[in-house]
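A quick write-up on the structure given underneath.
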Amino acid sequence: MKIIFWLIDINYDLVNSVPEIRLWGVTREGKRVVVLDRSFRPYFYVLPKSTEKLDHLIDKIKSVYSAKYKVLDIKVVNRKYFGRDVKLLKVTCQIPALIPKIRDELSSLREVEEVLEADIRFYMRYMIDNNIVPSAWHEVEVEELEKPKEWQVDGVYLAKHPPRYVPEIAEIPKLRVLAFDIECYNPRGAPKPDRDPIIIISTATNDGEIKLFLADERNNDRSTIRSFVEYVLEKDPDIIVGYNSNGFDWPYLLERCSKHKIKLAISRTRSSPSQSVYGHFSVIGRANIDLYNYADEITEVKVRTLENIAEYLGVMKKSERVLIEGVEIHKYWDDPILREKLLRYSIDDVKSIIGLADKLLPFLIQLSNIVGLPLDQVVAASVGYRVEWHLMRQAYQYNEVIPNRVERRYRTYKGAIVLKPKPGVHENIAVLDFSSMYPNIMISKNISPDTYIPPEEKVDLNEVYVTPELGYKFRKWPPGFYKRVLERLLKARKEVRAKMKELDPSSVEYRILNERQKALKIIANATYGYCGWVHARWYKREVAEATTAWGRSIIRETIKLARDIGLQVIYGDTDSIFVKYEEDKVEDLIKIIKDKLGLEIKPDKIYIRAFFTGAKKRYCGLLPDGRIDVVGLEAVRGDWSELAKEVQEKIIEIILKENSVDKAIEYVNDIVNKLRRGEIPMSKLIIWKTVTKRLEEYEVRAPHVTAAKKLLSAGYMLTTGDKVGYIVTNKGGSSLADRAEPYIFVKDYSEIDIDYYINKQVIPAAMRILSYFGVREEQLISAKRQKSLLEFFE
DNA sequence: GCAGCCCTATTACCT
DNA sequence: ACAGGTAATAGGGCTGCG
């Protein structure tokens, strides 16, 4: 019989010394199935030092290592290694787990140059070789097997051949999603799993069910966890989502389980979640996703708590939810009246998580499909690994061997050009952008590790592209690896966008394609950064360097061409130029760039009025629809107080829309007075900063570090990467660092150092804009208020 | 002893 | 663990003055 299924998860197990690939999926009829393939064997390559005496090497491996490592076969194969034809030994074995061991032995042989592709996980190897794509449909001829009793599927099938990817089916099956969140008892500060029980496990499913599991009257969580496990099995979700679940909920649950000597048997084989790659927990047969991983990429939200991310994505407003300070959870639990509120809070959290999943999964599914990593892994993997997996799967298509990861010394290289803008107000500015500049440069100049020609190599100059400034040479032909990969991505994106034009924007298919084109763009644009990443398998400094060098040359040429036709260039950064808008000339410029440079530049937006501070990467502009862009300024930075940001934003609005400096001054005066009268909410005075390393590693006493230490000694939990919110107070010492207090500890307005907020927050943020108009600081501090005697003598 | 200067550490932004 | 370019603040060391 034949089945068609959508691939959710993949793993393997050794059954009677035979590796068995397990493909977990859902059929078009909505059946949960697992397809087994017992026909695949692990292998790797040996690159010999010389192609002579290959038979000798084969014999040696056979006689010395075959028995010990269950080698099944060794044969000579032709592959490409950085574009060059190579002869490799393909060594096939029986047991995946033995590969690292035989690799180590073989790589130390003197006849062996390098052992390749020995670090590819077995199930990924299987997917690459058989073009099996996660989050996509496959068809396969199968024979039904008896279902092991404890496996949670509707059918177990043995594949008669590797499944075939069916890219034509675009739809996404109806997947069952379960969100969960735990609350812990914390009367002694940050909860510790060896002593503090879980008091609430809240769950929500995408069919609208919400269910809570509570600890019993003696705060015992044993049956709580057991009921949760039962419930997960009953709901049998394809996807489990949490928020910081890899960092908190799973490890906590697992430790509570081991304490109670019970099993967190929630996988489709009744196994417990296990620590896997990229710091995530794998749940066999399901996709376990931690949405906090994705939230980290939403840079518009500065403090990425669940509440803030949910609000930003329109899932749940903060104003409509119960907010409880983390450390107070135990108090809410212990008090029968307050407990209702805690339950509400827990429900709001889990509702937010399921809401986020609903918003984000369509994109993540496309990303998984394009990158070729299973859904749970692609979410956990960082950008570099996503790009790399995309490349690894492409390499197989081109018969290229995957290079090993090698340790290299970090070296910087020159990047892009940024123009110094003329400070002040400019009217009518067009912003012109090169579309996907770096990918297009890599394509058009065929920049790739395999096309690079080292300086000592003699070559006909007609056959190479010579990099400006650096003189690096890249072969024009044949197309390099990066060129082929990027061309394919850009072409695919173009096709998707063309197809979208034929669809109703409110249709499901349109939504899927839109997420798909976004994913294609992200991978294409991240590929340049990847090639300059020292840990990349396809790292080549010259490749990254050449790409930025061409970028500089192109933007310089563009500026020159613009000026030649009389366009006034105001600013530019990397791949954009800001010009005084003259419709005809801009149209001409676009044509000239197309003809002379072979690249597409297009108007991104028009500013009716824009203000430049004079510094690079800091400006603001008024759009035709009345919206305002703020770029780089304090108003968009997460490390300034809300008050300072609000003041600056308002000033920008007054200047750009009303052009009134006096009104702006009046506004600042009003704010300063309000601040002095205690009329500004304390929440607007919090300054958030990230702790980027262990506290003892800091060389200077920074305010956020001292605040972090205060939190820690009060029993709070804090790890690298967390943000600390502090308020500057007037007690604790003379230096700012001493006076920075975690905001949760500041109870009274009288503790606040008002002068700090006036002089170091409001005034600098305001002056960033107003100093250009000749405004002096004194004008911003209320004229109505006389200086005190003390201040007079200071 | 301290004001003033300069350099460095630190963070977060832009493309 | 994708890249480099950039602005800005505060800490901290050093210098020169008295």
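Order of the sequence lines sets the chain letters (A, B, ...), proteins ahead of strands, with each chain counted from 1. Not measured: the values here are computed from a predicted model.
- When the nucleotides C:dA8, C:dA10, C:dC2 are ranked by their closest atom to the side chain of A:K760, C:dA10 comes out on top.
- Regarding contacts with the backbone of C:dA10, a side-chain N or O of A:Y756 is found under 4.0 angstrom from either OP1 or OP2.
- Distance CD (A:E545) to P (C:dA3): 15 Å, rounded to an integer number of Å.
- Rounded to an integer number of Å, the gap from NZ of A:K616 to P of C:dG4 is 17 Å.
- Between A:D738 atom CG and C:dG12 atom C1' there is a gap of 14 Å when expressed in whole angstrom units.
- Rounded to whole Å, atom P of C:dG4 lies 13 Å from atom CH2 of A:W533.
- For the residue pair A:E515/A:Q366, the side-chain donor-acceptor check at 3.5 Å is not satisfied.
- Within the structure, a side-chain polar atom (N or O) of A:Y410 is placed less than 4.0 Å from OP1 or OP2 of C:dG4.
- In this structure, the CE atom of A:M767 is 12 Å from the P atom of C:dT9, given to the nearest Å.
- Judged by the 6.0 Å and 45° rule, A:K693 forms a cation-pi pair with A:Y698.
- Side-chain contact of A:Q761 with A:S641: a donor-acceptor pair under 3.5 Å is present, judged by distance alone.
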Using atom names, set out every protein N or O paired with an N or O of nucleotides 10-15 of chain B below 3.5 Å, distance rounded to 0.1 Å.
residue	atom	partner	partner atom	Å
B:dT10	OP1	A:K693	NZ	3.2
B:dT10	OP1	A:E699	N	2.9
B:dT10	OP2	A:K693	NZ	2.7
B:dT11	OP1	A:T690	O	3.3
B:dT11	OP1	A:T692	OG1	3.4
B:dT11	OP1	A:Y698	OH	2.6
B:dT11	OP1	A:H704	NE2	2.7
B:dT11	OP2	A:T692	OG1	2.4
B:dT11	O2	A:R637	NH2	3.3
B:dA12	OP1	A:T690	N	3.0
B:dA12	OP1	A:T690	OG1	2.7
B:dA12	OP2	A:T690	OG1	3.0
B:dA12	O4'	A:R637	NH2	2.8
B:dA12	N3	A:R637	NH1	3.4
B:dC13	OP1	A:K302	NZ	3.0
B:dC13	OP1	A:V636	O	3.4
B:dC13	OP1	A:G638	N	2.8
B:dC14	OP1	A:G632	N	2.8
B:dC14	O2	A:K617	NZ	2.9
B:dT15	OP1	A:Y619	OH	2.9
B:dT15	O3'	A:D573	O	3.2
B:dT15	O3'	A:D575	OD1	2.1

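- The interatomic distance linking A:R739 (CZ) with C:dT9 (P) rounds to 16 Å, in whole Å.
- Contact annotation for A:R768: backbone-only contact, meaning every heavy-atom pair under 4.0 Å involves sugar-phosphate atoms and none involves a base.
- For A:T527 and A:V418, each mapped to the nucleotide of DNA chain C holding its nearest heavy atom, the one lying further toward the 5' end belongs to A:T527.
- Base contact: A:A526 has a heavy atom under 4.0 Å from a base atom.
- At whole-Å resolution of the value, CD in A:E297 and C1' in C:dA1 are 14 Å apart.
- Cation-pi geometry between A:R484 and A:Y398 is met: under 6.0 angstrom from the ring centre, within 45 degrees of the axis.
- Residue-level contact check: A:A536 touches neither bases nor backbone, having no heavy atom under 4.0 Å from any strand.
- When the P atom of C:dG4 is taken as reference, atom OH of A:Y530 falls 15 Å away, rounded to whole Å.
- Closest to the side chain of A:Y413, from the set C:dG4, C:dA10, C:dA8, is C:dG4.
- A cation-pi geometry, defined here as NZ or CZ lying under 6.0 Å from the six-membered ring centre and within 45° of its normal, does not hold between A:K723 and A:W688.
- Residue contacts for A:G529: at a heavy-atom cut-off of 4.0 Å it reaches a base atom on one of the strands shown.
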Quick one, A:F612 with A:K422, criterion side-chain contact (heavy atoms from CB on, under 4.5 Å). Give me CA distance, side-chain angles, the key distance, then yes/no.
CA-CA 7 Å; A:F612 288 85; A:K422 197 168 152 252; over 6 Å; no
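- Few gaps surround CE on A:M682; more than 12 heavy atoms of other groups in view lie less than 6.0 Å from it.
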